[in-house]
Protein chains: 2
Amino acid sequence: MKSKATSFDIAHMAGVSQSTVSRALSDSPLVNKETRERIKKIAQDLNYKVDKNASNLRKQHSQTLALLLFEDPTSDDSLINPFFISMLGSITKATAAAGYDLLVSFQNMKDDWHAVYEDSNKADGLILLGYGSYTDYEYKLSQLEEQGTRFLRWGAPDKKHPGISIGCDNFLGGVEITKHLVSLGHRSFAFIGQADESAPEFKGRFDGFMTVIAQAGFDTSKVVQKNAISTELSGYKAAMEILEGEHPNAIVCASDLIAMGAIRAIRSKGLKVPRDIAVVGYDNIQISQFASTPLTTVHQNTQVAGELLVSNLLKLIHNEPVTDYLMPPELIVRESCGCGFISYKNN
Amino acid sequence: MKSKATSFDIAHMAGVSQSTVSRALSDSPLVNKETRERIKKIAQDLNYKVDKNASNLRKQHSQTLALLLFEDPTSDDSLINPFFISMLGSITKATAAAGYDLLVSFQNMKDDWHAVYEDSNKADGLILLGYGSYTDYEYKLSQLEEQGTRFLRWGAPDKKHPGISIGCDNFLGGVEITKHLVSLGHRSFAFIGQADESAPEFKGRFDGFMTVIAQAGFDTSKVVQKNAISTELSGYKAAMEILEGEHPNAIVCASDLIAMGAIRAIRSKGLKVPRDIAVVGYDNIQISQFASTPLTTVHQNTQVAGELLVSNLLKLIHNEPVTDYLMPPELIVRESCGCGFISYKNN
DNA sequence: CTGAAAGCGCTTACAG
DNA sequence: CTGAAAGCGCTTACAG
């Protein structure tokens with residue numbers, strides 16, 4: 001493996017200075033068209049590529065973005081929430097389209113993750129993605145902000161949290177799906193999913209849910225709420241607890257994965273979905289469509305979300321103003337809530 | 001945003017030379033223990049991080065690996081094959097565990113992807129991941145090899161292809177799942193999935209399938225084979241074509257996604273799985289377990305695969321010898337083949 | 001339009 | 001154990 005060519009080698013071969021090579025290769029208008037083309041030809045023949053380390057060092061930026069994924073600590077490696085994966089896909093594309101590279105990393109709370117990438121100039125900005133139990137990170141987020149790190153969070157915008165958020169309107173999503181359930185005639189309800197400050201996204205969905213329950217004139221004190229993280233198993237366990245008592249007409253789950261577990265629990269009791277109990281999820285992951293009972297759920301447009309995240313982070317990097325942004329959710333009605341209507345919207 | 005501290009700032013504050021700071025921060029045994037600790041303390045207080053661009057430039061390597069994902073061109077962004085995602089997860093973890101960063105990129109054939117990362121010193125090595133229609137890339141792969149780029153492919157090892165492969169034994173997987181079907185008493189078979197050189201993984205599964213069919217004494221010329229790429233829709237369409245004729249007892253699908261589509265097609269004809277037609281998939285993706293009819297499939301251990309890919313790429317980078325490696329597949333029996341036995345293996 | 005030169009922030013022989 | 005110095009391969013004022 002012969003050592004790689006440098007701009008000096010090209011310069012020598014082209015009979016020009018190294019500066020000119022650098023300019024030519026970056027399409028500077030300062031260099032003569034023919035010279036530029038000659039240089040480019042030689043560079044291509046030699047399979048020369050600008051050394052990013054040198055170029056980044058000199059330019060003091062890396063042309064790369066970092067994506068920090070926060071997983072639920074309990075979830076199995078091979079069982080990453082498909083919603084995040086979908087986001088990963090769209091973020092990757094949007095990043096590439098903007099001419100940036102993407103560094104991906106899964107984080108767990110113990111790591112000294114904060115700022116690492118940006119401080120070491122490996123990334124110009126950070127995207128934080130995870131079901132928002134950001135309370136644990138709050139200190140680190142403020143630290144990031146203090147240091148002037150450019151970062152964006154996916155999740156519920158919240159004045160109390162440091163940094164700028166882009167997310168989907170969880171409250172509205174909770175409202176819409178619950179309204180649908182009420183309109184279908186369901187009268188007693190349970191909710192599965194963490195519904196406190198540590199999980200602002202789930203909390204938003206829960207709040208929307210409760211608001212509709214109250215508006216519809218039901219006794220909110222009769223609503224059962226069980227905590228669960230976003231896994232099938234956690235949903236299964238929570239649902240089993242709910243089913244020990246008198247079972248509700250409808251169970252609203254804070255995520256599709258939770259809903260999958262709830263459906264398994266309901267079946268294990270010899271009950272049928274939606275005949276005995278209606279179940280709805282949230283996220284519109286792929287499974288929700290192909291599940292034994294196609295799931296009524298709320299779709300968050302990951303395509304748009306990824307583009308928004310990237311374009312706004314880029315603005316931040318370029319010192320342009322950026323504000324919180326809330327995307328509208330979209331109700332996807334399938335069979336699990338008992339209306340019999342099937343939609344093949346998206347995946 | 002004040003400008004970042006450099007090793008010179010630390011040196012100044014610690015009253016030592018910049019060389020000593022650099023050594024201390026990289027835990028060189030050459031520096032006095034107390035000096036080292038003093039320096040580290042200061043660095044931490046200042047939230048100093050070594051500039052990776054400078055350090056990489058000097059060291060002539062980047063401590064990062066690049067993962068190039070090749071998608072089927074037709075598949076929707078939000079519908080990335082879950083198998084790859086699972087691999088992504090384990091590769092990310094293994095990379096981090098080895099102290100490397102991971103650059104992720106989705107490739108499409110038009111891009112001048114080859115070598116970009118390694119040539120520009122942004123990555124020390126490449127992992128190529130995709131359903132192996134590597135024929136299209138063959139030229140580029142040879143080019144990579146010629147340039148001395150360190151890369152590894154996920155997929156079927158094949159003497160005719162440039163580069164080293166790590167993959168799962170597709171032939172054996174095809175053999176096992178077909179043997180299972182035969183043992184269950186199925187007597188007429190169809191196969192859905194590209195079965196030619198352009199898709200060596202699917203081809204391996206198909207060859208294993210055909211071998212068993214022949215060994216079992218069935219007329220191989222009666223076997224129907226329809227091409228399909230790894231999407232639900234493609235599987236659906238192929239199955240619909242098959243169902244126009246006399247339908248087989250069992251349909252072997254080259255991937256779970258294809259199998260999901262086949263099941264939908266069968267249902268749309270008013271037939272039942274497995275009562276009327278047995279269906280099996282390949283990959284053991286999450287959906288295969290939660291599907292309306294849990295799918296009999298072949299599991300590829302993505303956890304081990306990711307670790308193998310990373311550790312072997314690292315060997316390649318360190319100029320240690322690396323050879324092709326074939327992992328054994330694992331049959332997962334669920335309900336879709338008609339034996340009624342349910343396994344909750346893994347996800 | 002072009003070239004000579006400085007300098008981005010490190011790591012690591014080299015000398016002590 | 002420590003420091004002065006070279007140099008990794010670029011980009012970009014500066015001067016012409």
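Chain A is the first sequence line, chain B the second, and so forth, proteins listed ahead of strands; every chain is numbered from 1. Below, all heavy atoms of this structure are taken into account, side chains as well, without hydrogens, waters or symmetry copies.
- Among the protein residues, Ser26(A) comes within range of no part of the nucleic acid, since none of its heavy atoms lies under 4.0 Å from any strand.
- Atom P of nucleotide dT12(D) and atom CG of Asn56(A) are separated by 12 Å, given to the nearest angstrom.
- dT12(D) and dG16(D) are spaced 16 Å apart, taking the C1' atom of each and rounding to whole Å.
- The 12-atom threshold is not exceeded at CE of Met13(B), counting heavy atoms of other residues, nucleotides or ligands nearer than 6.0 Å.
- Taking CZ of Arg36(A) as the start and CZ of Arg23(A) as the end, the distance is 12.5 Å to the nearest 0.5 Å.
- When the P atom of dG9(C) is taken as reference, atom CD1 of Ile10(B) falls 13 Å away, rounded to whole Å.
- Within 6.0 Å of CD in Gln44(A) there are 12 or fewer heavy atoms belonging to other residues, nucleotides or ligands.
- Checking dC8(D), dC10(C), dC10(D) against every side-chain atom of Leu57(B), the shortest atom distance belongs to dC8(D).
- Considering only side-chain N and O atoms, Ser7(B) lies nowhere under 4.0 angstrom from the phosphate OP1 or OP2 of dG9(C).
- The backbone N or O of Phe8(A) sits nowhere less than 3.5 Å from a side-chain atom of His12(A) that would complete a donor-acceptor pair.
- If you take NE2 of His12(B) and P of dT2(D), they are 19 Å apart, rounded to a whole angstrom.
- The partner of dC14(C) is dG3(D), by the rule that a Watson-Crick or G-U pair needs both atom distances under 3.5 Å.
- Residue Thr6(A) is in sugar-phosphate contact alone, with no base atom involved, counting any heavy-atom pair closer than 4.0 Å across all strands shown.
- Within the structure, every side-chain polar atom (N or O) of Thr20(B) is placed at least 4.0 Å from both OP1 and OP2 of dT2(D).
- With respect to Ile127(B), the side-chain contact (heavy atoms from CB on, under 4.5 Å) criterion is satisfied by exactly one of Ile91(B), Leu68(B), Leu69(B): Ile91(B).
- Between the NZ atom of Lys122(A) and the C1' atom of dC8(C) there is a distance of 17 Å, rounded to whole Å.
- If you take CD of Gln60(A) and C1' of dG7(C), they are 10 Å apart, rounded to a whole angstrom.
- Heavy atoms of Ser19(A) sit under 4.0 angstrom from at least one base atom.
- For Arg36(B) and dT2(D), the CZ to P distance is 10 Å, given to the nearest whole Å.
- The nucleotide whose nearest atom lies closest to any side-chain atom of Lys59(A) is, among dG3(D), dT12(D), dA4(C), dT12(D).
- At the phosphate of dC10(D), neither OP1 nor OP2 sits under 4.0 Å from any side-chain N or O atom of Ser55(A).
- Protein atom CZ of Arg23(B) is 10 Å distant from nucleotide atom C1' of dA4(D), rounded to whole Å.
- Mapping Gln18(B) and Val21(A) onto DNA chain D by nearest heavy atom places Gln18(B) closer to the 5' end of the strand.
- Here dC8(C) presents its C1' atom at 11 Å from CZ of Phe8(B), a figure rounded to the nearest Å.
- Within the 3.5 Å criterion, the main-chain N or O of Leu316(B) finds a donor-acceptor partner in the side chain of Arg150(B).
- Set against dT2(D), dG9(D), dG7(D), the side chain of Arg58(B) has dG7(D) as its closest nucleotide.
- Picking from dA13(C), dT11(C), dT2(C) the nucleotide with the shortest atom distance to the side chain of Asn32(A) gives dT2(C).
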